[in-house]
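Values below: every heavy atom of this structure, side chains too, minus hydrogens, waters and symmetry copies.
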Amino acid sequence: MSHKVALRRELRTIESLALSIAMMSPALAMSLYGGAPAMYVGYGAPLAFVFAGVGVVLVGGGLIYLCRYFSHAGSVYGLTGATLGPRAGFVSGWALLGCYLVYTAASAATAGYFATLFLKDTGIAPHADFVWFTLGFLVIAYFLASLDIKRVGQTLLTIEGVSILMMLIVLVIVVGKLLGGFQGHHVTARVFTLPDGVSFHNLVLASVFAFTAFAGFEGAASLGEETENPRRAIPKALTIAIVAGVLFYIAVVAVMSMGFGTADGGSHFAGSSGPLFDLSRSYVGSTMAEVLEIGGLISAFSAALATMVGGGRMVFALVRDAAPASSLGKVNENGVPINGVRIMLGFAVLAVVVVRLTGATGLDTAFYLGTIGTLAVLVAYAMVDVGAFRLMSKTVKRKGVALIPLLGTFFLCYVMWNEVHPRPPAPYSYFPYVVAAWLLIAVVLSFASPGLAARIGAGLTEEEGLTSLPAGRDNLPVAGDPL
């Protein structure tokens, strides 16, 4: 196919891992979502992350399996297309693109929020508007995303490493003081139990909030055509991201829960709007809380950069097959799909400005757009797991193993159900319809556009990684072939 454009294969496992870690943004996730499960289970919040961690392992298992055999710049687009067919691949890729589009804006808005929070708490500029910082962060992210992917990976490693280090310093201090019985609080395993009167149903509901902290772990999969030995490196990167993320989140939330204390059932923890910052003020001092605000800003910016990078490659991969003549399916001299990155920048700027004009704050903007992105990515995850189940049920010797992605699909369906039922208050009640409309566009395009499915199928079949199957697995299907 004359339109095929090769991306540069120059990344190591650690640099591919950086994209997954940056999309998850541990420091940001703990700042925004770490205390949310406590509203349902009090001091038992770490248990909610244990439960959510099991779900992430089930969901990620299917993705990791597929990445052992297929590598593609379109992430779930290529993986789903190779197992469920071109139309399903297009819809799943479209869903993940929708997630990346709004996540870029949401993450930049969060960085803008943390910038204004720091300026307010320090008294430098108490009335600064988050939107100007947000737009500035988006422009900086665009210039970084325009660099070759190896430099981007190294940048993400540095940025996210700094933010995580800041948070770890605070947590080590908190643990040290807990060992001395600071304010009557101690290190205790009680945080891995449920308070009296809290039901298992509450634990499941809390785990839905905990699961959102893991969104983005799939990021490395979008670098399948830019990573050396991708069928080893990408699964390894995804496995490390999942395992490290689960252990890290459980440990962090456990320390936070112990820091707030268990005597009141965790009500103090549940009532904190910024548990990480409140702990810093209580255990270290207000200066450290302000330092953590900078850490949150850095982590949020890292997430915006990562989703801009991943989204640009998703645009490139979709257009490369669907509309071969389009400039969106080309790369520049740096091996970057620059026009796809520009699409990401333009949409993010538009989304932030439109939401700001409604009177939303920086945090409102982050939560509104983040919720839309979460709903979209859940659909993409579910389609990948269905594809993995279909493939594994026909290829693995131990058929019980194929149940892993199937269980992951059930978990995702439950998470999606709890996102819409009971009906959330406005404007959150409108967001499922926004996602449904976005997905409907993909469905209509895949059936209405003449030859689109055939072009996608042909493109997926030829793209690197979807036909070159490992020795002994020649019976694995390729895009467009019936299973």
Side-chain angles (χ1 to χ4, degrees), residues 24 26-59 167-168 170-179 181-215 217 242-280 282-283 367 374 407-408 410-412 414-419 421-422 424:
M24 288 171 62
L28 172 61
M30 290 295 93
S31 298
L32 292 182
Y33 305 116
M39 294 186 294
Y40 291 88
V41 292
Y43 63 70
L47 205 55
F49 275 87
V50 172
F51 197 93
V54 173
V56 172
V57 170
L58 294 174
V59 171
M167 184 168 58
L168 286 176
V170 172
L171 295 174
V172 168
I173 294 174
V174 171
V175 170
K177 291 193 174 184
L178 285 172
L179 291 172
F182 182 76
Q183 296 181 350
H185 301 154
H186 303 273
V187 173
T188 173
R190 191 180 181 190
V191 296
F192 290 99
T193 63
L194 293 177
D196 293 338
V198 175
S199 67
F200 178 77
H201 177 65
N202 277 22
L203 174 62
V204 175
L205 291 177
S207 72
V208 172
F209 285 91
F211 183 82
T212 60
F214 295 94
F217 74 86
I242 292 173
V243 173
V246 170
L247 296 177
F248 183 78
Y249 286 156
I250 292 173
V252 171
V253 176
V255 172
M256 287 198 293
S257 186
M258 288 184 280
F260 280 102
T262 61
D264 60 353
S267 59
H268 190 193
F269 187 14
S272 173
S273 59
L276 203 55
F277 303 135
D278 288 343
L279 275 184
S280 298
S282 178
Y283 282 77
F367 283 136
T374 297
L407 292 173
F410 290 148
F411 179 85
L412 288 168
Y414 181 80
V415 172
M416 284 188 276
W417 172 250
N418 279 276
E419 287 283 350
H421 182 81

Which pair of heavy atoms, one from [X] and one from [Y], lies closest together, and at what distance?
{"X": "P424", "Y": "E419", "result": "CG-O, 4.0 Å"}
{"X": "A206", "Y": "Y40", "result": "CB-CB, 3.9 Å"}
{"X": "F269", "Y": "A38", "result": "CD2-CB, 3.7 Å"}
{"X": "M30", "Y": "M167", "result": "CB-SD, 3.9 Å"}
{"X": "P46", "Y": "F192", "result": "CB-CE2, 3.7 Å"}
{"X": "G265", "Y": "P195", "result": "O-CG, 3.7 Å"}

(request) Please indicate whether F410 has more than 12 foreign heavy atoms, meaning atoms of other residues, nucleotides or ligands, lying under 6.0 Å from its CZ. (result) no
(message) Before you tell me yes or no, could you show the steps for V198 and L203 under side chain to side chain contact (heavy atoms under 4.5 Å, CB included), namely the whole-Å CA-CA distance, both residues' side-chain angles and the distance that decides it to 0.1 Å?
(response) CA-CA 8 Å; V198 175; L203 174 62; 5.9 Å; no
(message) Quick check against the 3.5 Å criterion: does S199 have a side-chain atom that pairs as donor or acceptor with the backbone of N202?
(response) yes
(request) Determine, step by step, whether F211 and L412 satisfy the side chain to side chain contact (heavy atoms under 4.5 Å, CB included) criterion, reporting the C-alpha distance in whole Å, the side-chain angles of both residues, the deciding distance to 0.1 Å, and the verdict. (result) CA-CA 10 Å; F211 183 82; L412 288 168; 3.8 Å; yes
For the [atom1] atom of [X] and the [atom2] atom of [Y], what is their distance to the nearest 0.5 Å?
{"X": "L171", "Y": "L178", "atom1": "CG", "atom2": "CG", "result": "10.5 Å"}
{"X": "F411", "Y": "S207", "atom1": "CZ", "atom2": "OG", "result": "5.0 Å"}
{"X": "T262", "Y": "D264", "atom1": "OG1", "atom2": "CG", "result": "8.0 Å"}
{"X": "K177", "Y": "Q183", "atom1": "NZ", "atom2": "CD", "result": "8.5 Å"}
{"X": "H185", "Y": "Y283", "atom1": "NE2", "atom2": "OH", "result": "5.5 Å"}
{"X": "I173", "Y": "L279", "atom1": "CD1", "atom2": "CG", "result": "11.5 Å"}

(request) Quick one: do F214 and F49 satisfy side chain to side chain contact (heavy atoms under 4.5 Å, CB included)? Show the steps, please. (result) CA-CA 10 Å; F214 295 94; F49 275 87; 4.3 Å; yes
(request) Using a 4.5 Å cut-off on heavy atoms from C-beta on, say whether the side chain of S282 contacts that of F260. (result) no
(request) Please tell me if the side chains of F217 and V246 come closer than 4.5 Å, counting only heavy atoms from C-beta onward. (result) no
(message) Check the orientation of F200 and F51. Use parallel for under 30°, tilted for 30 to 60°, and perpendicular for over 60°.
(response) perpendicular
(request) Please determine which of L47, V191, V41, V252 meets the side-chain contact (heavy atoms from CB on, under 4.5 Å) test together with S257. (result) V191
